[in-house]
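Report on the structure given below.
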Amino acid sequence: MKNVVGRKYSGNVFIYSAFMSFIRLSVQKILYQLLILVLFYTLFRWCFYAFNSSEIRHVATGQLWTLLEGGLRFDLAAIMYLNALWILLTLLVPLDIQNKAGRRLISMSFWLPNTIAFLLEISDWVYFNFNRKRATIEIFDLIFSKGDFLNLLPNYLQKFWFVPLIALCCITLLIWSHRRLNLYFAARWRLFRQLQFKSTPASRFIVRPLVLLLCAGLAVLLIRGGFQLQPIANRTAVLYTVPEQTALVLNTPFSIISSLESGHLQEAHFMDDAAADRVIRPVKQYHSDPGWHKKNVVVIVWESFSKRYTKEGGSVGVTPFFDSLSTKGHLFTNAYANALRSNEGVPAIFSGYPAMMEGPVSNSIYGNTVIDALPALLKAEGYSTAFFHGGTNGTMGFDIYAKRAGFERYFGRKEYANERDFDGTWGIWDQPFLDFALRQINTFKSPFLAGIFTLTSHVPFHVPKGFKPTAKGFNRDIEISMNYTDWALSQFFKQAEKQAWFRNTVFVITADHTNPYVDNAFQGEGLGRYQVPILVIDPANPQLNRKDSTLVQQLDIIPSVLDYIRYPKPFFALGNSAWDTTASRFFITYLSGNYSMIQSGYHIKTKGFDIAEVYKFPEDIKARRNLYAPGVKQPEVVNTEHYFKAFLQILHTGMINDQLSLHTYRVKRGTQ
């Protein structure tokens, strides 16, 4: 046999010995495998775009190369992250390894991380429609939250049955191609052995270590995305396209891996701390009467309640009770949410800080930062405090957040204790749970603060059997679920009006964030995606009742409530009271590493901390005429930029160094 092989390949021995070696064969196998993975990721990118073309700005032909270039950079980073162990083992272990356990270990080091990556990527093709961005590390909060993922899974599988089918096909093809490569290179390795093509001491002790070092260095370079000072992150995608298309440049595995590292806020220091304080003036005191009359406070947070579904937002009949209630209270018609997700919107309302990182701050390393949250402040003044959410206890970590914020009691699905009213997905239907909340509130000793968070108007937008919409003219699931919650709210107020505490209570009704289902670009990509109602009702004060176009945001709810109930002490707040005519009006939000702020008559969008777009506000509310001139100092936006940087400095410094409360804030001046 040896002679036959020798005769057959004698003409090629010198070619092999000149150009090939065992280590070179391993490198060749790695390169082939990486090429296959790159092809998969490129295909996935265009599948992602096909699934979400209505949510992503149209890609012009001239953009294709730039998008592919940027996408390749992120794809290679993700691939190297996921396959580093397999690459190392491939370089160290013979390609025709005979040990079965060792062979399985090497194979598992390849297909396990890549299978998980494929599942996450392909699932994100439909999840993006709900989340409006590539999935990040908090996706695992949903997957591993007790009950939530299992409850949602049947609905998603029914609606998106093709997703697991596509994933199965892609994973099968990946594993098949990997096995074919294993067989091909194992055969070539055995051929080398038959040709007695042996490695020399120089190749073992010099060439192999050098190749390992070279591969390690190349891997690190690809993982960090190049030689630049900072490794690439999700926010780097804006270098290749406009913010609305950054999801197309990214891939989901990289987005998740990057968010693991982006759990740390970046230091922001643009000016002296005292100068930032003079701009923002976060230490506030609106009243000083120690004998203040303590009114009860009820804050109702309506799940996914976009302004779009109200009469003020252009809809008719979807929320008839809220529309009628708006005439009996103070309706802010120019109000904005500071986040796009529930676990960021609820903290914005009750703790007064906006979304500022890839995942929710409340679940990050800054989750224990001491903050002057509304429940904590009122609890210290003798208020009973409770948070109501009909979801499964632990959903979104709201039970833990509520405790940190100062709510004494938490009422969820467990406390409701009647599974007959379980909606099959998220928790208890809104109407019975609001009735339950009212019964509990009736047992509270005044004064009290109650936070109530509804849940029915959320994907999959189910309503109880037998519910008939209270009006005609709409038929979408989202509109019907909104109408159901509106009706449930009417029943709550119908009963609340009969209670002794009702006329000594101020009610605030708003949303955690807007709904992702939209019918125009302004609602999907512009400021409309943040527009929510904020309604303040005081049954004992009819003079309060009017529409108000003052620019307000969720951050303003804490100071507005404390100002209205005449809270007599100083406190720390990043927002401003809506009743304070001397305060600067502004709105800020964060998405994928970039900020959007309205202040001093301008709407700015940033790339990181740097201004990238400027629009007049409210004249150009739909952001059609970009006034930004690169490299040109624009005096008209100096105030807005200065306010933006002062705000970020106080916010980031405070969160990093635990200085976001009256007692921890390092600048003891600026009291209003």
Side-chain angles (χ1 to χ4, degrees), residues 12-42 72-118 171 173-227 231-232 251 253-254 257:
N12 297 324
V13 169
F14 292 106
I15 297 176
Y16 278 118
S17 61
F19 296 101
M20 300 295 293
S21 68
F22 289 109
I23 188 67
R24 189 174 298 167
L25 201 60
S26 298
V27 171
Q28 189 178 6
K29 177 183 177 180
I30 292 169
L31 292 177
Y32 277 30
Q33 187 64 78
L34 294 182
L35 177 61
I36 292 173
L37 288 171
V38 167
L39 292 175
F40 267 111
Y41 275 70
T42 303
L72 179 62
R73 191 179 181 190
F74 289 94
D75 292 348
L76 287 172
I79 289 169
M80 295 306 296
Y81 262 118
L82 295 166
N83 293 280
L85 177 59
W86 173 79
I87 291 173
L88 178 63
L89 293 175
T90 301
L91 289 171
L92 293 177
V93 179
L95 297 184
D96 67 339
I97 180 174
Q98 300 301 308
N99 183 279
K100 184 179 293 186
R103 191 165 60 246
R104 287 180 177 176
L105 175 63
I106 297 173
S107 293
M108 185 181 294
S109 70
F110 174 82
W111 64 256
L112 181 60
N114 285 293
T115 295
I116 295 172
F118 275 32
I171 292 169
L173 183 59
L174 176 70
I175 294 176
W176 175 83
S177 63
H178 180 65
R179 287 179 174 174
R180 295 295 299 175
L181 276 181
N182 284 343
L183 292 173
Y184 175 75
F185 281 96
R188 294 187 67 184
W189 188 279
R190 286 193 296 272
L191 175 61
F192 275 35
R193 289 187 184 278
Q194 292 173 359
L195 293 172
Q196 297 182 344
F197 191 54
K198 299 179 180 180
S199 60
T200 64
S203 66
R204 288 196 302 269
F205 300 111
I206 299 177
V207 177
R208 183 179 291 269
L210 286 176
V211 170
L212 286 173
L213 286 174
L214 180 62
C215 289
L218 183 61
V220 171
L221 185 66
L222 292 175
I223 286 172
R224 71 188 315 279
F227 292 99
I232 58 173
N251 60 73
F254 178 87
I257 293 168

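All residue numbers in this chain count up from 1 along the given sequence. None of these values were measured; they are calculated from a predicted model.
For the pair Leu31/Leu35, no side-chain contact is recorded, criterion being any heavy-atom separation below 4.5 Å from C-beta on. Here the side chains of Leu91 and Ile30 are in contact, with some heavy-atom distance below 4.5 Å.
For Tyr184, the side-chain contact (heavy atoms from CB on, under 4.5 Å) partners two or more places apart in sequence, or in a different chain, are Arg188.
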Start with the C-alpha distance between Val38 and Thr42, add both sets of side-chain angles, then the distance that settles side-chain contact (heavy atoms from CB on, under 4.5 Å), and finish with yes or no. CA-CA 6 Å; Val38 167; Thr42 303; 4.1 Å; yes
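Separation of atoms CD (Gln28) and CG (Leu95) is listed at 10.0 Å; rounding is to 0.5 Å. Distance CD1/Ile97 to CG/Leu92: 11.0 Å, rounded to 0.5 Å. Between the CG atom of Leu105 and the CG atom of Leu112 there is a distance of 11.0 Å, given to the nearest 0.5 Å. Rounding to the nearest 0.5 Å places CG of Leu221 at 10.0 Å from CE of Met80. Between atom OG1 of residue Thr90 and atom CD of residue Gln33 there is a gap of 8.5 Å, rounded to the nearest 0.5 Å. One distance of note links CG of Leu210 with SG of Cys215; it measures 11.0 Å at 0.5 Å rounding.
Sorted by first and then second residue, the side chain to side chain donor-acceptor pair (under 3.5 Å) pairs involving residues 209-220 (not counting sequence neighbours) form an empty list.
The aromatic rings of Tyr41 and Phe118 stand perpendicular to each other, their planes meeting at an angle above 60°, with 30° marking the opposite boundary.
In terms of heavy-atom proximity, Pro113 sits nearest to Met108 at CD-O, 3.6 Å. The shortest non-hydrogen separation linking Asn114 to Leu37 is OD1-CD2, 3.8 Å. Across all non-hydrogen atoms, the minimal contact from Ile232 to Ala77 is CD1-CB, 4.0 Å. Nearest heavy-atom pair, Asn182 versus Ser107, reported as atom, atom and distance to 0.1 Å: ND2-OG, 4.1 Å.
The closest donor-acceptor contact from the side chain of Asn251 to the backbone of Phe254 lies under 3.5 Å. With Ser109 contributing its side chain and Ile106 its backbone, the two residues share a donor-acceptor pair below 3.5 Å.
If you run ring-ring contact (aromatic ring centres under 6.0 Å, His included) between His178 and each of Phe110, Phe40, Phe185, Trp111, only Phe110 comes through.
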